[in-house]
Enquirer: 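Got a structure here, written out as structure tokens. Questions coming.
Side chains are part of it too, since the values below use all heavy atoms of this structure and drop only hydrogens, waters and symmetry mates. Throughout, a chain's letter reflects where its sequence line sits, starting with A, and its residues are numbered from 1.
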Number of protein chains: 2
Amino acid sequence: MARFEKVPDIVIGRLPVYLRALTRLASEGQEITSSQQLGKMLGVSSAQIRKDLSYFGEFGKQGMGYNIAHLQEQLSAILKVDREWEVVVVGAGPLAEALIREDPFAGKGFRIVALFDSRPERIGQRLAGMEILDSAQLPEVVRQRGLKVAILAVPAAEAQQVADTLVAAGIKAILSYASTTLSVPPEVRLQYNDAAAQLQRMAYYLQ
Amino acid sequence: MARFEKVPDIVIGRLPVYLRALTRLASEGQEITSSQQLGKMLGVSSAQIRKDLSYFGEFGKQGMGYNIAHLQEQLSAILKVDREWEVVVVGAGPLAEALIREDPFAGKGFRIVALFDSRPERIGQRLAGMEILDSAQLPEVVRQRGLKVAILAVPAAEAQQVADTLVAAGIKAILSYASTTLSVPPEVRLQYNDAAAQLQRMAYYLQ
DNA sequence: CCATCTTTGTCAATACTTGCACAAAAGCCT
DNA sequence: AGGCTTTTGTGCAAGTATTGACAAAGATGG
């Protein structure tokens, strides 16, 4: 398949899932896998996995399957997580604390390096060992460190304003935990992490 | 449109988003909206919104648009969140604490009613005011209260085992924060809340 | 009360996504 | 060495999803 055509975003969205499955297999000591095994693990068809991968190159060997370590490297490079992106978190609440303490990004290409809050009584305190900085300094820090990725964990009422500040400071990807719809320019990627919406989606099928 | 054909899951997945947007408009005091306004807010086409809604009935008035309060009620009923589902959380870590403290499900159809952990030193303690129960009691409590919805916030290594226990006890919807692929029977809904995967998806577009 | 404007609900066309099926490639076994 | 088995990568067909367009319905204003 041509290497230069535009890859559908839906395919990009599945790559992290494949990567996670590969990590799991690797941790179990396996060295080789097949599209069939991956498909069974993930509940998707083997053809889909082969087709998704074929957008980026040929990573398998016929008759053999895929070398897990090699495929991990390739997918990491494609997703640009073969490096460590520095991430800023805005909003020093319980959620920020959970993210810092549990560090779900460890080994996945991201590291939290700065934490901001606008509440005067929180500024200067520490949260899970990380100093809470004044939101007023946010643009300066983001620009100086060249940060591109932000996590938004502020109340819904402030989310849009903070998002605007982040965008103005040069942030290019925002993961928002605020339960409100945001508006950002088209060159900025935005994802919502909305647990309530996920539960609601499942509730439809209950009973 | 026929009321009884199967509704695509992708449509179901957008309903919570519409609901969230309506909540926002309502909180701003607006009483009427249109598919065009909603579409602009959410970055989708107005035709898509009209088509999605048409799977379930006719909720608007030509020339006028939609009554926000009425549409909220209808969508809540469709998603079955016009009631309050009791939710069990397994894994009394920082993430559970954040969920209990920030209560992102308030007014959205879900309420956390029980919290479990398997670590002996945590059992009996309180987390954000909620008692930590022994995982050994989990099946009993789930069955007695007839719980259908669970949130999984345990380490990846234990996630599959806990999921199996939940399913055996009668849970029908699982929201997993564990960064591992799970396997559940087809009648159980499963969603992953994987912030690392969301960031990785956006990273592809960086630079 | 009529003309004009707005907006819905839906059909049909377009665009996108998935899955089937198979040739080709590669290892394995005798 | 050759036949057998496995599994990839991909062309094509089938299946889904999105969008454009418009008749019909309803509001508004003179």
Side-chain angles (χ1 to χ4, degrees), chain A residues 1-18 21-22 25 30-72 74-75 78 186 201 204, chain B residues 1-18 21-22 25 30-72 74-75 78 186 201 204:
Chain A
M1 186 169 286
R3 273 330 79 81
F4 302 110
E5 69 184 288
K6 200 192 164 298
V7 180
D9 180 62
I10 195 163
V11 172
I12 304 301
R14 282 191 292 260
L15 299 186
V17 179
Y18 299 162
L22 290 169
L25 290 175
Q30 206 173 307
E31 290 184 7
I32 301 280
T33 188
S34 66
S35 58
Q36 210 167 96
Q37 181 183 33
L38 280 172
K40 221 164 256 168
M41 265 179 87
L42 300 174
V44 305
S45 76
S46 63
Q48 177 158 90
I49 290 172
R50 293 198 300 277
K51 189 147 235 255
D52 284 353
L53 297 180
S54 78
Y55 278 101
F56 305 100
E58 309 195 352
F59 305 115
K61 268 205 191 129
Q62 281 155 328
M64 280 298 284
Y66 301 92
N67 177 293
I68 291 176
H70 178 244
L71 189 51
Q72 279 183 296
Q74 296 294 309
L75 289 182
I78 290 163
R201 180 179 196 158
Y204 175 79
Chain B
M1 186 171 283
R3 273 333 79 78
F4 303 108
E5 70 184 285
K6 203 192 161 300
V7 180
D9 181 60
I10 194 163
V11 172
I12 304 300
R14 282 191 292 259
L15 299 187
V17 178
Y18 298 163
L22 291 169
L25 290 175
Q30 207 172 310
E31 289 184 7
I32 301 282
T33 188
S34 65
S35 59
Q36 210 167 96
Q37 181 184 30
L38 280 171
K40 219 165 259 167
M41 265 179 87
L42 299 173
V44 304
S45 74
S46 64
Q48 177 157 89
I49 290 172
R50 292 197 301 276
K51 184 147 222 273
D52 285 352
L53 296 180
S54 77
Y55 279 101
F56 305 99
E58 309 195 351
F59 305 115
K61 267 206 193 130
Q62 282 158 326
M64 279 298 282
Y66 301 91
N67 177 294
I68 291 176
H70 178 243
L71 189 53
Q72 279 183 295
Q74 296 294 310
L75 290 182
I78 290 163
R201 180 180 197 156
Y204 174 79

Enquirer: Send over the distance from Leu53(A) CG to dG19(C) P, rounded to a whole Å.
Expert: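 In whole Å, dG19(C) P lies 15 Å from Leu53(A) CG.
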Enquirer: So do the side chains of Ile12(A) and Arg201(B) get within less than 4.5 Å of each other, counting heavy atoms only?
Expert: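 Yes, at least one pair of side-chain atoms sits under 4.5 Å.
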Enquirer: Given atom CG of Asp52(B) and atom P of dT8(C), what is their separation to the nearest angstrom?
Expert: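 Rounding to the nearest Å, CG of Asp52(B) and P of dT8(C) are 14 Å apart.
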Enquirer: Is Ile10(A) touching bases, backbone alone, or none of the nucleic acid, heavy atoms closer than 4.0 Å?
Expert: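 Answer is sugar-phosphate: Ile10(A) comes under 4.0 Å of backbone atoms only.
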Enquirer: In whole angstroms, how far is the C1' atom of dC28(C) from the CD1 atom of Ile32(A)?
Expert: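 After rounding, the gap between these two atoms is 15 Å.
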Enquirer: Might you work through the side-chain contact (heavy atoms from CB on, under 4.5 Å) test for Tyr66(A) and Arg50(A), ending with a clear yes or no?
Expert: CA-CA 10 Å; Tyr66(A) 301 92; Arg50(A) 293 198 300 277; 3.7 Å; yes
Enquirer: Any side-chain N or O of Ser45(B) less than 4.0 Å from the OP1 or OP2 oxygen of dT18(D)?
Expert: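 Answer is no, no contact under 4.0 Å.
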Enquirer: What integer distance in Å separates Tyr55(B):OH from dC11(C):P?
Expert: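 Rounded to the whole Å, the gap is 12 Å.
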Enquirer: From Ile68(B) CD1 over to Gln37(B) CD, what is the distance, rounded to the nearest 0.5 angstrom?
Expert: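 Taking CD1 in Ile68(B) and CD in Gln37(B), the distance rounds to 6.5 Å.
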Enquirer: Identify all pairs in which a protein N or O lies below 3.5 Å from an N or O of nucleotides 12-14 of chain C, and state each distance.
Expert:
none

Enquirer: Is the shortest side-chain heavy-atom distance between Ile78(B) and Val7(B) below 4.5 Å?
Expert: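 Of all side-chain heavy-atom pairs linking Val7(B) with Ile78(B), none is under 4.5 Å.
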Enquirer: Picking from dG9(C), dG9(D), dT19(D), which would you name as closest to the side chain of Glu58(B)?
Expert: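 So the nucleotide nearest the side chain must be dG9(C).
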Enquirer: For the residue pair Phe56(B) and Leu15(B), establish whether any side-chain heavy-atom pair is separated by less than 4.5 Å.
Expert: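 Yes; the side chains approach each other to less than 4.5 Å.
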Enquirer: Just how far, in rounded Å, is C1' of dA17(D) from CD1 of Ile49(B)?
Expert: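 Taking atom C1' of dA17(D) as the reference, CD1 of Ile49(B) is at 15 Å.
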Enquirer: Is the shortest heavy-atom distance from the side chain of Leu38(A) to the side chain of Leu22(A) under 4.5 Å?
Expert: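 Yes. Closest side-chain heavy atoms under 4.5 Å.
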Enquirer: Starting from C1' on dT19(D), measure out to CG on Leu42(B) and report it in whole angstrom.
Expert: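 Going from Leu42(B) (CG) to dT19(D) (C1'), I get 17 Å.
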Enquirer: Please report, rounded to the nearest Å, how far the P atom of dT8(C) is from the CZ atom of Phe56(B).
Expert: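 Taking atom P of dT8(C) as the reference, CZ of Phe56(B) is at 17 Å.
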Enquirer: Nearest whole Å is fine: how far is dA15(C) C1' from Lys6(A) NZ?
Expert: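 Between C1' of dA15(C) and NZ of Lys6(A): 13 Å.
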Enquirer: For DNA chain C, whose closest nucleotide is more 5', that of Asp9(A) or that of Ala47(B)?
Expert: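 In this pair, the answer is Ala47(B).
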Enquirer: Could you walk me through whether Leu25(A) and Met41(A) pass the side-chain contact (heavy atoms from CB on, under 4.5 Å) check?
Expert: CA-CA 10 Å; Leu25(A) 290 175; Met41(A) 265 179 87; 3.8 Å; yes
Enquirer: Are the side chains of Ser54(A) and Phe59(A) in contact, using a 4.5 Å heavy-atom criterion?
Expert: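 No. Closest side-chain heavy atoms not under 4.5 Å.
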Enquirer: Just jot down the salt bridge (charged side-chain N to carboxylate O under 4.0 Å, His left out) partners of Arg14(A), sequence neighbours excluded, or say none.
Expert: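 Partners of Arg14(A) by the salt bridge (charged side-chain N to carboxylate O under 4.0 Å, His left out) criterion, ordered by chain and then number, come out as Asp52(A).
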Enquirer: Shorter than 3.5 Å, N or O on both sides, protein versus nucleotides 5-7 of chain C: list them out with atom names.
Expert:
unit_1	atom_1	unit_2	atom_2	d
dT7(C)	O4'	Gly63(B)	N	3.1
dT7(C)	O2	Gly63(B)	N	3.2

